[in-house]
Amino acid sequence: MTAPSDGAVTLLDPSRPPMATLMARIEVEVEPGLFQRALTHRSFAYENGGLPTNERLEFLGDSVLGLVVTDTLYRTHPDLQEGQLAKLRAAVVNAKALAGIGRGLRLGEHLLLGRGEETTGGRDKSSIVADTVEAVIGAVYLDRGLGVATELVHRLFDPLIAESAGLGAGLDWKTSLQELCAAASFGVPEYVVEESGPDHQKSFRARVRVGQELYGDGRGHSKKEAEQQAAATAYAELQVVTDLTGDAAASAAH
């Protein structure tokens, strides 16, 4: 193992998937040393003689991500005021959203982690995965420029931007579900949550009780995450119910 002058780390670990696999997923080729640095968590760096970590790249990637998302929201929502644009951006650029993007890329498989983080589930820890997404964006920006980094952000985040724009005033699924239930006179939704797993790696499953029925199904590494997923799926299910009810009422009127 060596630490080149550019701060990259050169090492071979046959237990980890090749970085080229991750580059294929993000559809960008990045200089290997720089890309590996983006995947180097501080816990690994400290256990291996103080190697460079991905924290500077994370700082850079956070700014690039914020710029691209802000520019996109500004251009696609000319009718929204500053406060609402800020809420939309916060719904897209937050640790939960970033962790979801990272898990979709199976980023955890490629992380360089110290033994402590490895044994406590660090590869799937939301804060670590989210920070690494930003570090990867930072590495792409440094190596390939703003244009390629912008294209990457759009590929990864445009679906989330579109989804967030369709949420309620509070910009989250629980608020949207509550608004739907109130408009349809369904009553207040209640969340039924089950938890499992050891203390350091708990998982949660949530469903939503509306009236006497259970809707939705959400799973996550926190109660809040599971409830949001449950609210999203329950919203879709109840939207169908309200559409059918509306159609039936319209038919009866005629």
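Below, all heavy atoms of this structure are taken into account, side chains as well, without hydrogens, waters or symmetry copies. These figures come from a predicted structure and were not determined experimentally.
- Hydrophobic clustering (ILVMFWY, side-chain heavy atoms < 4.5 Å, transitive): V136 and L105 are in one cluster.
- Atom CG of L111 sits about 9.0 Å away from atom CG of L22, to the nearest 0.5 Å.
- Looking only at side-chain heavy atoms (C-beta outward), H110 and T21 come within less than 4.5 Å of each other.
- Looking only at distances, a side-chain donor or acceptor of H41 sits under 3.5 Å from a matching main-chain atom of S43.
- In this structure, the side chain of N54 does not engage the main chain of L39 through any donor-acceptor pair within 3.5 Å.
- Linking Ile, Leu, Val, Met, Phe, Trp and Tyr residues whenever their side-chain heavy atoms come within less than 4.5 Å places L160 and L156 in a single cluster.
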Test log, rule side-chain contact (heavy atoms from CB on, under 4.5 Å), inputs R144 and V28: CA-CA 9 Å; R144 300 296 303 276; V28 183; 3.7 Å; yes
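- Dense packing is recorded around CD of E237, with more than 12 heavy atoms of other residues, nucleotides or ligands lying under 6.0 Å away.
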Show me the donor-acceptor pairs within less than 3.5 Å that the side chains of residues 221-228 make with the rest of the protein, sequence neighbours left out.
unit_1: H221; atom_1: NE2; unit_2: D124; atom_2: OD2; d: 2.4
unit_1: S222; atom_1: OG; unit_2: E225; atom_2: N; d: 3.1
unit_1: E225; atom_1: OE1; unit_2: H221; atom_2: N; d: 3.2
unit_1: E227; atom_1: OE1; unit_2: K174; atom_2: NZ; d: 2.7
unit_1: Q228; atom_1: OE1; unit_2: W173; atom_2: N; d: 3.1

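- No donor-acceptor distance shorter than 3.5 angstrom exists from the side chain of D143 to the backbone of A139, with no hydrogens or angles considered.
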Tell me which donor-acceptor pairs under 3.5 Å the side chains of residues 56-66 have, and how far apart each pair is, sequence neighbours excluded?
none

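- The two residues E31 and G33 have their closest heavy-atom pair at OE2-N, 3.0 Å.
- T233 places a side-chain N or O within donor-acceptor distance of the main-chain N or O of D217, the cut-off being under 3.5 Å.
- Each of L214 and L238 belongs to its own hydrophobic cluster when Ile, Leu, Val, Met, Phe, Trp and Tyr are linked at side-chain heavy-atom distances under 4.5 angstrom.
- Atom CZ of R37 is separated from atom CG of L51 by 11.0 Å, given to the nearest 0.5 angstrom.
- When only modelled atom types and interatomic distance are considered, T53 and T40 share no side-chain donor-acceptor pair under 3.5 Å.
- At least one donor-acceptor pair under 3.5 Å links the side chain of R155 to the backbone N or O of I26.
- Side-chain heavy atoms closer than 4.5 Å link hydrophobic residues (I, L, V, M, F, W, Y) into clusters, and following such links, possibly through other members, connects V93 to L85.
- Atom CD1 of I101 is separated from atom CD1 of I137 by 9.0 Å, given to the nearest 0.5 angstrom.
- Atom CZ of F35 has more than 12 heavy atoms from other residues, nucleotides or ligands within 6.0 Å.
- A continuous path of Ile, Leu, Val, Met, Phe, Trp and Tyr side chains, each step under 4.5 Å between heavy atoms, connects L146 with L34, placing both in one hydrophobic cluster.
- Counting non-hydrogen atoms of other residues, nucleotides and ligands closer than 6.0 Å to CD of Q178 gives a total of 12 or fewer.
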Could you go through the side-chain contact (heavy atoms from CB on, under 4.5 Å) check for V188 and C181 one step at a time? CA-CA 7 Å; V188 178; C181 289; over 6 Å; no
For V208 and V192, run side-chain contact (heavy atoms from CB on, under 4.5 Å): C-alpha distance rounded to whole Å, both residues' side-chain angles, the deciding distance at 0.1 Å, then the answer. CA-CA 6 Å; V208 186; V192 180; over 6 Å; no
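- Contact record, A45 with P52: CB-O, 4.3 Å, taken as the closest heavy-atom pair.
- Here the CD atom belonging to Q201 is positioned 11.5 Å from the CG atom belonging to D199, to the nearest 0.5 angstrom.
- R205 contributes no side-chain N or O that, together with a main-chain N or O of R219, makes up a donor-acceptor pair within less than 3.5 Å.
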Side-chain atoms of residues 113-121: list all donor-acceptor pairs with protein atoms under 3.5 Å, sequence neighbours left out, distances to 0.1 Å.
unit_1: E117; atom_1: OE1; unit_2: K125; atom_2: NZ; d: 3.0
unit_1: E118; atom_1: OE1; unit_2: R123; atom_2: NE; d: 3.4
unit_1: E118; atom_1: OE1; unit_2: R123; atom_2: NH2; d: 2.9
unit_1: E118; atom_1: OE2; unit_2: R123; atom_2: NE; d: 2.8
unit_1: T119; atom_1: OG1; unit_2: R115; atom_2: O; d: 3.2
unit_1: T119; atom_1: OG1; unit_2: G116; atom_2: O; d: 3.0
unit_1: T120; atom_1: OG1; unit_2: G116; atom_2: O; d: 3.0
unit_1: T120; atom_1: OG1; unit_2: E117; atom_2: O; d: 3.4

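- Distance alone, capped at 3.5 Å, places no donor-acceptor pair between the D71 side chain and the L67 backbone.
- Of the inter-residue distances, the one linking N48 atom CG with L112 atom CG reads 8.5 Å to the nearest 0.5 angstrom.
- Within 6.0 Å of CZ on R209 lie no more than 12 heavy atoms contributed by other residues, nucleotides or ligands.
- Across all non-hydrogen atoms, the minimal contact from N94 to A97 is OD1-N, 2.8 Å.
- To the nearest 0.5 angstrom, T72 atom OG1 is 6.0 Å from D158 atom CG.
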